[in-house]
Amino acid sequence: MASNLSSPLVAVVGATGAVGVEMIRCLEERNFPLSGLRLLASPRSAGRKMKFRGEEVAVEALTEESFKGVGIALFSASGSVSRQFAPVVVREGGVVVDNSSAFRMSDDTPLVVPEINGGEIARHKGIIANPNCAATISITPLWPVHQRNRIKRLIIATYQAASGAGAAAMEELRASTEAYLQGRDYQNTVLPHPYAFNLFSHNTKVDPVTGYNDEETKVINETKKIFGDPDICVSATCVRVPVLRAHSVALTFECERPIAAQEVRELLKTAPGVKLVDDWENNYFPMPKDASGQDDILVGRIRQDLSDPSGRSVTLFSAGDQLLKGAALNAVQIAERLVA
């Protein structure tokens, strides 16, 4: 059986990836109460040393034997890795917090943003899912509004950074931008289109029936599940933009009753996990450069939607660090609830 959850042995699966690195940093910076740390990755990363609390920890190759004694396993790998290894953790008596999409829509698996539905953690059967990064950054600021005056319709347009596609995509943005500025040809290999000074529809498969890509479909379905509101109407357009880190989102929502932009602003001033950046005079609003490295999601541009004469709709803009609240930080916050 695994160690007890008050001071567990913690495993990080995908420890050398962009999100895995941030998971390790979050565990350290937040003084997570653990008895030991096990770093797991593919065989090609085995033996690499990573720093944690001033010590060097060697990365081990991921196998089915990797989870003996593990109390909490933070997964940031592919869905196929999660499907193969998460049940192993559960059999060993541990709890998985999974960053992939493998279990998110399973009825048995809580899909959790702690600021919204942290109570769902208690009903886990060994696996808790971390939501899609664009969904988390989109809907966390909306939860206080939804509680006060139910949101019945939500329209989302995302501006998604390279970090959402991993460390290799971030490097491709750096290298292709450098080549562009130097007038050199650059052959993209990670993303399907040239990335420097360009943007394109999110690089996931498009459903031939709905016309929505996989990322948009995830945002739509996960919003309904996290809010516990299957009837909320959601539409999303997800776009990859040439930003290294931190996603931005334009949101327009319609409530059941009239709501003033100022009421939304007041609600967001004290909302957990949110920071108001709404300086009209200086035209200063959420930006990925400011959101990068921040735990909070930045929110601003809060204004009445003039296309809705009923006064029930408001438009705003948010930016959040995709690697932190969109992934690693949210996972560690879930783990903190488990040990609490």
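Glu216 places none of its side-chain heavy atoms less than 4.5 Å from the side chain of Ile156. Side-chain atoms of Glu266 and Glu263, non-hydrogen and from C-beta on, never get closer than 4.5 Å to each other. Gln294 is not listed as a side-chain neighbour of Leu329, based on a closest heavy-atom distance of 4.5 Å or more. In this structure, the side chains of Arg153 and Phe253 stay at 4.5 Å or more apart for every pair of heavy atoms. Residues Ile128 and Asp98 form no side-chain contact, since every pair of their non-hydrogen atoms from C-beta on lies 4.5 Å or further apart. Counting heavy atoms from C-beta outward, Val12 and Arg38 have side chains that stay 4.5 Å or more apart. For the pair Val57 and Lys49, the minimum side-chain heavy-atom distance is 4.5 Å or more. Leu323 has its side chain within reach of Arg245: a pair of non-hydrogen atoms, C-beta onward, lies under 4.5 Å apart.
Linking Ile, Leu, Val, Met, Phe, Trp and Tyr residues whenever their side-chain heavy atoms come within less than 4.5 Å leaves Tyr186 and Met170 in two separate clusters. The same ILVMFWY cluster, assembled from side-chain heavy atoms under 4.5 Å apart, contains both Val234 and Leu316. Under a hydrophobic-cluster definition in which Ile, Leu, Val, Met, Phe, Trp and Tyr are linked whenever side-chain heavy atoms come within less than 4.5 Å, directly or via other members, Leu251 and Leu298 are assigned to different clusters. Clustering ILVMFWY residues whenever any of their side-chain heavy atoms sit less than 4.5 angstrom apart, transitively, puts Val112 in a cluster other than the one holding Leu142. Each of Val219 and Ile155 belongs to its own hydrophobic cluster when Ile, Leu, Val, Met, Phe, Trp and Tyr are linked at side-chain heavy-atom distances under 4.5 angstrom.
Of the N and O atoms on the side chains of Gln160 and Thr158, at least one donor lies less than 3.5 Å from an acceptor on the other residue. In this model, a donor atom of one side chain and an acceptor atom of the other lie less than 3.5 Å apart for Tyr212 and Ser235. Between the side chains of Thr315 and Thr252, a donor-acceptor pair is found at a separation under 3.5 Å. Between the side chains of Tyr284 and Asp290, at least one donor N or O lies within less than 3.5 Å of an accepting N or O. Side-chain contact, Asp308 with Ser313: a donor N or O sits under 3.5 Å from an acceptor N or O. Judged purely by distance below 3.5 Å, without hydrogens or angles, the side chains of Asn132 and Glu215 pair a donor atom with an acceptor atom.
Environment of CZ in Arg184: crowded, with over 12 heavy atoms of neighbouring residues, nucleotides or ligands closer than 6.0 Å. Remark: Asn282 CG is packed, more than 12 non-hydrogen atoms of other residues, nucleotides or ligands lying under 6.0 Å away. Heavy-atom contacts from other residues, nucleotides or ligands closer than 6.0 Å to CZ of Arg30 number more than 12. Other residues, nucleotides and ligands contribute at most 12 non-hydrogen atoms within 6.0 Å of the CD atom of Glu55.
Separating the OH atom in Tyr180 from the CG atom in Asn198 is a distance of 9.0 Å, to the nearest 0.5 Å. Put simply, OG on Ser82 and CD1 on Ile127 are 8.5 Å apart, with the number rounded to the nearest 0.5 Å. To the nearest 0.5 angstrom, Asn213 atom CG is 9.5 Å from Lys218 atom NZ. Interatomic distance, Asn130 CG to Ser101 OG, rounded to the nearest 0.5 Å: 12.0 Å. To the nearest 0.5 Å, atom OG1 of residue Thr270 and atom CG of residue Leu268 are 8.0 Å apart. Here the straight-line distance linking atom NZ of Lys325 with atom OG of Ser318 works out to 13.0 Å at 0.5 Å rounding.
Taking the centre and axis of the six-membered ring of Phe285, the NZ or CZ atom of Arg301 falls inside the cone set by 45° and 6.0 Å.
Proximity of a side-chain donor or acceptor of Arg104 to a complementary backbone N or O of Asn99 within less than 3.5 Å is detected. Proximity of a side-chain donor or acceptor of Glu115 to a complementary backbone N or O of Pro272 within less than 3.5 Å is not detected. Remark: side-chain polar atoms of Glu254 are not paired, donor with acceptor, to backbone N or O of Arg312 under 3.5 angstrom. Proximity of a side-chain donor or acceptor of Glu22 to a complementary backbone N or O of Val19 within less than 3.5 Å is not detected. Counting only distance, with no hydrogens or angles, the side chain of Tyr159 and the backbone of Pro242 share no donor-acceptor pair below 3.5 Å. Under a 3.5 Å cut-off, the side chain of His202 and the backbone N or O of Val239 do not form any donor-acceptor pair. A donor-acceptor contact shorter than 3.5 Å links the side chain of His146 to the backbone of Ile151. No donor-acceptor distance shorter than 3.5 angstrom exists from the side chain of Asn149 to the backbone of Val145, with no hydrogens or angles considered. Looking at Glu92, its side chain never comes within 3.5 Å of a backbone N or O of Gly69 through a donor-acceptor pair. With Ser66 contributing its side chain and Thr63 its backbone, the two residues share a donor-acceptor pair below 3.5 Å.
The shortest non-hydrogen separation linking Ser307 to Pro309 is O-CD, 3.4 Å. Closest approach of Ala261 to Ile302, counting heavy atoms only: O-CG2, 3.6 Å. When every heavy atom of Ala41 is checked against every heavy atom of Val59, the shortest pair comes out as CB-CG1, 3.7 Å. Taking all atoms of both residues into account, the shortest heavy-atom contact from Ile72 to Phe32 is CD1-CZ, 4.2 Å. Considering every non-hydrogen atom in both Ala161 and Tyr195, the closest pair reads C-OH, 3.7 Å. Considering every non-hydrogen atom in both Leu39 and Ala15, the closest pair reads CB-CB, 3.8 Å.
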**Message:** Checking His124 against Leu338 for the side-chain contact (heavy atoms from CB on, under 4.5 Å) test, could you report, in this order, the C-alpha distance in whole Å, the side-chain angles of both residues, the deciding distance, and whether it holds?
**Reply:** CA-CA 10 Å; His124 79 81; Leu338 285 169; 3.9 Å; yes

**Request:** Kindly indicate, with the supporting measurements, whether the criterion side-chain contact (heavy atoms from CB on, under 4.5 Å) is fulfilled by Asp229 and Arg150.
**Result:** CA-CA 10 Å; Asp229 188 346; Arg150 179 181 170 265; 2.7 Å; yes

**Prompt:** Would Val21 and Met50 satisfy side-chain contact (heavy atoms from CB on, under 4.5 Å), going step by step from the backbone distance to the final call?
**Reply:** CA-CA 9 Å; Val21 168; Met50 301 181 77; 3.8 Å; yes

**Request:** Show your reasoning for whether salt bridge (Lys or Arg N to Asp or Glu O under 4.0 Å) applies to Arg53 and Glu28.
**Result:** CA-CA 6 Å; Arg53 293 181 180 168; Glu28 178 163 346; 5.9 Å; no

**Prompt:** Asp231 and Lys224: salt bridge (Lys or Arg N to Asp or Glu O under 4.0 Å), yes or no, with the steps?
**Reply:** CA-CA 7 Å; Asp231 297 325; Lys224 292 170 186 275; over 6 Å; no

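Partner Asp295 forms a side-chain contact (heavy atoms from CB on, under 4.5 Å) with one of Leu324, Asn330, Asp321 and no other, that one being Leu324.
Between Arg25 and Glu29 there is a salt bridge, since a side-chain N of the basic residue sits under 4.0 Å from a carboxylate O of the acidic one.
The salt bridge (charged side-chain N to carboxylate O under 4.0 Å, His left out) pairs that include a residue from residues 122-147 are Asp108-Lys125, Glu120-Arg123, where partners are two or more places apart or lie in different chains. Residue pairs meeting the salt bridge (charged side-chain N to carboxylate O under 4.0 Å, His left out) criterion with at least one partner in residues 272-288, sequence neighbours excluded, are Arg265-Asp278.
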Please list every donor-acceptor pair under 3.5 Å in which a side-chain atom of residues 73-81 meets a protein atom from a residue at least two apart or in another chain.
residue: Ser78; atom: OG; partner: Ser80; partner atom: OG; Å: 3.0
residue: Ser78; atom: OG; partner: Val81; partner atom: N; Å: 3.2

